[in-house]
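We're numbering straight along the sequence, starting at 1.
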Amino acid sequence: MNPTLEIFSQGEEIVTGQTVDTNAAWLSQQAINLGFTVTRHTAVGDKLEDLVALLKEIARRADCCICTGGLGPTIDDLTAEAVAQAFALPLVFDEMAFAQIQQFFIQRQRVMPALNRKQAMLPLGALRLDNEWGTAPGFSLQYGGCWLVFLPGVPSEMKPMFLEKILPLLPIRFALKPNPLVCIKTFGIGESDIQQRIDSIKIPASVQLGFRASLMDVQTKLLFPSGFPKPERTTLIDNIVGLLGDAVFSIGHQGEASNDLPGVVDHLMNKGQHTLAVLETASQGLLASMCIGADWLLESGFGQPLERIGQKMGITIDTGNLYETAKQLAVALQKTSQAEFTLVQLYAGGRNAFNDKKQSITIYNALLTKGGYQQTTHIIAGTIKRKQNQAALLSLDMLRRYLQFGQ
């Protein structure tokens, strides 16, 4: 059985929603990759009695705890004091920690406030964790069956401290067997549709299946136990991907970078040494911004209304046949841009429908390649931001499907 780990975030700004707790999400990913079972995320404000009570609870039930926040110099930074009370460990002055805090200010030619001396007060017997990225040293200690780690709440300090100070110690302290996590990313298909498509596949009871939907994609996640046979794992993944078809644009394995849709398109365009010119309407430049820095995007323009686009491109706009209009614009764009591919995105419904979240618009995409035309139609509803985002992704996904499957 994998060791259990809890993540404890301290700070009034977190429980009141002023700050989004990205630390807990990042630490969870690190812990899962290592082979821990993450059982809880808990956030507590700046109340000493609440901090003390929670530390005692965690120490009784978890094998490991990582706490972030509350190590600063002000009166609302209570973590060290809470640890001292919870585990009956007096706070002692750490001269090395104080010297490092002083050096932080000396290097920046600043006078150290007297309050910062508080940060050098650590629980008796704790292992000091030097902070080379800020003023707050971290610390760790063993209490009963739980190893507790305390890190600063600032992500730019917490992350490097975890990676350099804590990560090397975890395999020494714990018998860790990573549970392989596979993430299948799709676009253009919803969670319920995915579930329905793969219902015919028997998922072993030991494999945890989950879904996560966002504006950018839907992720189908498979968490395998550490001893699960690799051939069976590969077969299960292949079967699921086969049923989801060309909606799949990325398969990410634990420890590997998993591309988003723009990243996949960028890879495929560079691999084929293709070039592209785009005419956007509903996405209003968002498609181009998703491809920022791409050498293969030679030209991107946003135009409205359709009549003005037609005048500029020398095309007669037929609002009753936007398919044909999009094809003509793609040809005209290819002549002016000299790009290998041209992608034209038009929409029907008008500005009123685009702005009104209660109304839908219809997107017409035309992709001109050396092999001819590819065309798609999609109905988009929701807020103006959702329509813009979906229009950009649907156009980009059309290009991705052509590059991956020639369709």
Backbone N/O of H267 and side chain of N270: donor-acceptor pair under 3.5 Å: no

Side chains of F341 and M269 in contact at under 4.5 Å (non-hydrogen atoms): yes

Worked check of side-chain contact (heavy atoms from CB on, under 4.5 Å) between R128 and F139: CA-CA 4 Å; R128 184 187 69 251; F139 60 92; 5.6 Å; no

Test item: L148 and C67 side chains (from C-beta on) under 4.5 Å apart, heavy atoms: no

Heavy atoms of other groups near L163 CG, more than 12 under 6.0 Å: yes

T362 versus H378, side-chain donor and acceptor atoms under 3.5 Å: no

Derivation of the side chain to side chain donor-acceptor pair (under 3.5 Å) call for R173 and Q142: CA-CA 11 Å; R173 287 184 164 271; Q142 184 79 32; 3.3 Å; yes

Check: T79 side chain, G69 main-chain N or O, donor-acceptor pair, under 3.5 Å: yes

Distance-minimising heavy-atom pair for R401 and G188: NH2-CA, 4.5 Å

Side chain N23, main chain M158, donor-acceptor under 3.5 Å: no

Donor-acceptor under 3.5 Å (Q195 side chain, G190 main chain): no

F36 ring center within less than 6.0 Å of F174 ring center: yes

N/O donor-acceptor pair under 3.5 Å between T342 side chain and L333 backbone: no

Atom pair CD1/CD1 of I363 and I361 - distance to nearest 0.5 Å: 4.0 Å

I58 versus C65, closest heavy-atom pair with distance: CG2-CB, 3.5 Å

N365 side chain to Q345 side chain, donor-acceptor N/O pair below 3.5 angstrom: no

Min side-chain heavy-atom separation N389-M290 under 4.5 Å: yes

R400 to Y402 six-membered ring, cation-pi geometry met (6.0 Å, 45°): no

Face-on cation placement of R117 at F93 ring, 6.0 Å and 45° thresholds: yes

Inter-residue atom distance L71.CG - E157.CD, 0.5 Å rounding: 9.5 Å

I106 backbone acceptor or donor facing Q109 side chain under 3.5 Å: no

Donor + acceptor pair across side chains of T369, E340 (<3.5 Å): no

Single hit among D217, I194, D193 for side chain to side chain contact (heavy atoms under 4.5 Å, CB included) with T186: I194

Crowding at CD, Q196 (>12 non-hydrogen neighbours, <6.0 Å): no

Minimal non-hydrogen separation, V264 against F249, with atom names: CG2-O, 3.5 Å

Salt bridge present between R61 and E6 (N-O < 4.0 angstrom): yes

W26/F162 aromatic ring centres below 6.0 Å: yes

T275 side, atom OG1; L297 side, atom CG - distance, nearest 0.5 Å: 9.5 Å

Test item: I184 and Q219 side chains (from C-beta on) under 4.5 Å apart, heavy atoms: no

Electrostatic pair E132:K165 at N-O distance under 4.0 angstrom: yes

Between R351 and Q304: side-chain donor-acceptor atoms closer than 3.5 Å: yes

Q375 vs L367, side-chain contact (heavy atoms from CB on, under 4.5 Å): CA-CA, chis, key distance, verdict: CA-CA 6 Å; Q375 293 184 308; L367 175 65; over 6 Å; no

Heavy-atom side-chain proximity of L368 to L343 below 4.5 angstrom: no

Distance-only side-chain donor-acceptor flag, Q359 / N352, under 3.5 Å: no

Atom pair OG1/CG of T68 and L151 - distance to nearest 0.5 Å: 7.5 Å

Heavy-atom closest pair, residues I237 and I251: CG2-CG2, 4.4 Å

Any donor-acceptor N/O pair, N131 side chain to A136 backbone, under 3.5 Å: yes

I66 side, atom CD1; Q30 side, atom CD - distance, nearest 0.5 Å: 9.0 Å

Neighbour count above 12 (heavy atom, 6.0 Å) for Q107 CD: yes

D94 side chain reached by P137 side chain, heavy atoms, under 4.5 Å: no

Neighbour count >12 (heavy atoms, 6.0 Å) for atom CE, M216: yes

More than 12 heavy atoms from other groups under 6.0 Å of CD on Q208: no

Ring centroid separation F87 to Y143 under 6.0 Å: yes

K327 to Y373 six-membered ring, cation-pi geometry met (6.0 Å, 45°): yes

Steps toward side-chain contact (heavy atoms from CB on, under 4.5 Å) verdict (F211, K221): CA-CA 6 Å; F211 303 95; K221 296 187 176 185; over 6 Å; no

Side-chain donor-acceptor pair present, D238, T235, cut-off under 3.5 Å: no

Derivation and outcome, side-chain contact (heavy atoms from CB on, under 4.5 Å), residues I201 and I240: CA-CA 8 Å; I201 297 177; I240 291 175; 3.6 Å; yes

Heavy-atom pair of closest approach, residues Q284 and F354: NE2-CE2, 3.3 Å

N2 (side chain) donor-acceptor with G35 (main chain) under 3.5 angstrom: yes

Pair D46-Q10, side-chain donor/acceptor within less than 3.5 Å: yes

Distance, nearest 0.5 Å, that separates OG of S395 from CG of L287: 5.5 Å

Backbone of A381 reached by a side-chain donor or acceptor of R386 within 3.5 Å: yes

Donor-acceptor side-chain pairing of Y364 and T376 below 3.5 angstrom: no

Note, L222 side chain near L181 side chain (heavy atom, < 4.5 Å): no

Backbone of S283 reached by a side-chain donor or acceptor of Q388 within 3.5 Å: yes

Donor on one side chain, acceptor on other, N116 and Q119, under 3.5 Å: yes

Residue pair S250 / N259, side-chain donor-acceptor N/O under 3.5 Å: no

Minimum side-chain heavy-atom gap F224-P204 below 4.5 Å: no

Heavy-atom neighbours of E95 CD exceed 12 at 6.0 Å: no

Presence of salt bridge, R197 and D199, under 4.0 angstrom: no

